[in-house]
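Structure, as structure tokens:
Each ligand, and each atom within it, is numbered from 1 in the order the structure gives. All residue numbers in this chain count up from 1 along the given sequence. Only a predicted model underlies this, so the values are computations on that prediction, with no experimental measurement involved.
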Amino acid sequence: MKRVFIIFLFSLLFIASVVTIKNSYKEGRETALVYGTEVTEIPELLHEAALFSRSHLALDYKDMPVDPSKERNLDSYYKNRAFHGAPPSIPHVISDERNMGGKNCLSCHQNGGFVQKFDAYAPVVPHPEKINCRQCHVPQNEKNLFKPTEFPKLSAPNIHNKALISSPPVIPHQLQLHENCLACHAGPSAPMEIRVSHPERVNCRQCHALNNKETLDIGDFTR
Ligand code: HEC
Ligand code: HEC
Ligand code: HEC
Ligand code: HEC
């Protein structure tokens with residue numbers, strides 16, 4: 001009788017661990033997926049959450065004055081990136097060389113605004129939760145230690161791609177690391193060509209569809 005009980009206990013433990021491992025594997029996969037490929041597997045709200053967490057600022061963005069002489073445009077936006085979608089380099093001095101980022105960077109980049117010292121609007125960070133900023137963003141190096149290369153830059157997708165004259169243009173870029181639409185598209189730090197005239201319509205993807213071909217081409221990221 002004792003033996004039967006022990007066998008029963010072990011099979012119970014075995015089933016429990018199979019269920020736990022299966023669930024944690026599934027969860028791990030969900031966060032690793034690029035949006036747009038397996039819509040059935042990923043809760044769409046995951047991507048919307050970042051945007052809605054800033055939606056209370058939408059009306060402020062709409063009323064914010066912009067000094068036209070300090071505006072950014074897409075040319076300078078692209079120039080600071082090795083290729084389309086690459087992390088931009090840090091174009092200003094960093095006060096503490098050993099600081100990885102976090103609060104130091106967020107003091108200017110969390111909500112943006114005009115910075116007298118650099119005579120520019122601070123771009124709003126689309127991903128404030130990734131606090132090790134300098135893991136991806138490196139300061140600009142002006143010493144000529146490297147030879148010039150022929151490395152071609154991936155060209156950016158076209159904008160103003162719409163079905164009819166007044167219909168909403170498609171979203172030409174992927175959504176990963178772009179979850180927070182208002183960060184790049186609203187307020188005085190947004191490049192002028194893509195500053196949205198309607199930041200208060202916060203449910204952006206209600207009207208703007210993904211350009212599916214380009215996002216599908218990226219494929220799944222699986223560990
Ligand atoms: C005193 C305010 C301030 C602090 C602190 C600050 N920044 Fe900036 N940052 C700015 C301003 C203003 C700009 C825009 C500069 C320009 O356009 O010439 C900028 C630009 C950038 C850009 C370029 C964005 C783009 O789209 O080209 C990156 C990347 C960046 N900062 C990262 C950082 C990181 C990482 C830190 C922390 C180590 C940091 N910044 C700390 C004000 C600040
Ligand atoms: C995992 C890598 C990674 C980390 C960590 C990271 N970034 Fe970024 N960041 C990116 C990439 C990639 C882009 C470019 C997105 C694009 O332009 O398509 C970007 C864009 C930006 C921009 C440009 C927004 C704009 O409108 O021009 C700023 C500012 C910025 N990051 C600041 C920060 C700050 C501040 C931190 C730390 C709190 C940080 N980043 C952490 C990868 C990262
Ligand atoms: C890291 C900055 C960044 C974020 C975040 C971002 N975008 Fe963009 N967006 C751009 C840039 C830059 C372009 C210009 C084309 C390109 O380079 O991909 C663009 C282009 C667009 C366009 C085309 C505009 C036109 O006139 O044709 C739409 C629509 C758009 N984005 C919607 C969105 C939506 C919706 C979100 C949120 C899910 C979002 N974007 C998040 C930077 C961003
Ligand atoms: C109710 C539908 C709707 C919603 C919601 C919406 N848009 Fe739009 N959007 C449009 C239409 C329509 C146009 C084209 C306007 C035109 O051509 O006059 C447009 C144009 C744009 C453009 C091109 C520049 C401009 O302003 O004309 C960008 C960038 C953009 N939208 C981004 C966004 C972002 C970011 C959000 C979320 C904060 C958003 N849109 C929410 C309908 C919408």
Side-chain angles (χ1 to χ4, degrees), residues 35-36 44 46-52 54-55 70-140 153-163 167-199 201-211 214-215:
Y35 177 80
E44 289 182 47
L46 208 84
H47 284 276
E48 244 85 66
L51 169 67
F52 290 121
R54 291 189 68 78
S55 59
K70 306 280 191 283
E71 265 182 319
R72 281 203 296 171
N73 56 28
L74 277 182
D75 260 357
S76 62
Y77 181 94
Y78 293 139
K79 217 173 254 164
N80 196 19
R81 286 152 167 80
F83 51 86
H84 183 255
S89 64
I90 308 172
H92 53 70
V93 286
I94 307 170
S95 51
D96 179 1
E97 260 310 315
R98 280 164 301 172
N99 196 322
M100 276 302 282
K103 274 198 201 120
N104 180 17
C105 313
L106 291 177
S107 63
C108 293
H109 287 288
Q110 176 113 47
N111 289 317
F114 191 74
V115 178
Q116 209 89 45
K117 189 163 70 171
F118 302 148
D119 194 29
Y121 292 106
V124 178
V125 52
H127 36 253
E129 73 289 353
K130 295 190 170 34
I131 52 171
N132 282 337
C133 314
R134 292 181 58 201
Q135 172 196 350
C136 305
H137 296 283
V138 294
Q140 285 175 3
K153 241 185 181 181
L154 254 180
S155 48
N158 290 335
I159 54 171
H160 305 321
N161 184 1
K162 31 176 131 168
S167 53
V170 295
I171 306 174
H173 48 70
Q174 67 181 88
L175 292 187
Q176 196 176 36
L177 277 177
H178 287 75
E179 292 88 349
N180 194 340
C181 319
L182 290 173
C184 299
H185 285 285
S189 67
M192 60 184 188
E193 296 93 333
I194 57 163
R195 186 179 306 125
V196 57
S197 53
H198 43 270
R201 298 180 198 162
V202 287
N203 196 1
C204 313
R205 295 209 295 127
Q206 175 195 348
C207 305
H208 293 278
L210 274 168
N211 182 356
E214 308 220 330
T215 35

Of the listed options (V124, N132, V125), which comes nearest to atom 24 (C) of ligand 2 when hydrogens are ignored and any heavy atom counts?
V124
Side chain, backbone, both or neither: which part of I194 comes within less than 4.0 Å of ligand 3 when only heavy atoms are counted?
side chain
Tell me which protein heavy atom sits closest to atom 26 (O) of ligand 1, plus the residue, atom name and distance to 0.1 Å.
R72 NH1, 2.9 Å
Atom 8 (Fe) of ligand 3 to H185: nearest N/O/S atom name:
NE2
Within the structure, is a non-hydrogen atom of F114 found at a distance of less than 4.0 Å from ligand 1?
no
Do H92 and V115 have side chains that get closer than 4.5 Å, going by heavy atoms?
no
4.0 Å heavy-atom contact, S89 with ligand 1:
yes
Protein contact of atom 34 (C) of ligand 2 - nearest heavy atom, named by residue and atom, plus distance
C133 SG, 3.5 Å
Considering G187, C136, P128, P87 one by one, which has a heavy atom nearer to atom 3 (C) of ligand 2 than any of the others?
C136
What protein N/O/S atoms sit under 2.8 Å from atom 8 (Fe) of ligand 1, by chain and number?
H92 NE2, H109 NE2
Does ligand 1 have an atom under 4.0 Å from some heavy atom of R81?
yes
Interfacing atoms of ligand 2 (cut-off 4.0 Å, heavy-atom, A86)
14 (C)
Between the candidates E179, H84, H173, which shows the shortest non-hydrogen contact distance to atom 16 (C) of ligand 3?
H84
Quick one: which ligand 3 atoms are inside 4.0 Å of a heavy atom on L175?
38 (C)
I'd like to know if atom 8 (Fe) of ligand 3 has an N/O/S atom from H178 within less than 2.8 Å of it, counting both backbone and side-chain atoms.
no
Tell me whether C184 reaches ligand 2 (any heavy atom closer than 4.0 angstrom to a ligand atom).
yes
For atom 42 (C) of ligand 2, which candidate among Q174, H137, M100 provides the closest heavy atom?
H137
So for Q110 against ligand 2, with non-hydrogen atoms under 4.0 Å, the contacting part is neither
If you take the nearest heavy atom of each of N104, N80, L106, which one is closest to atom 27 (O) of ligand 1?
N80
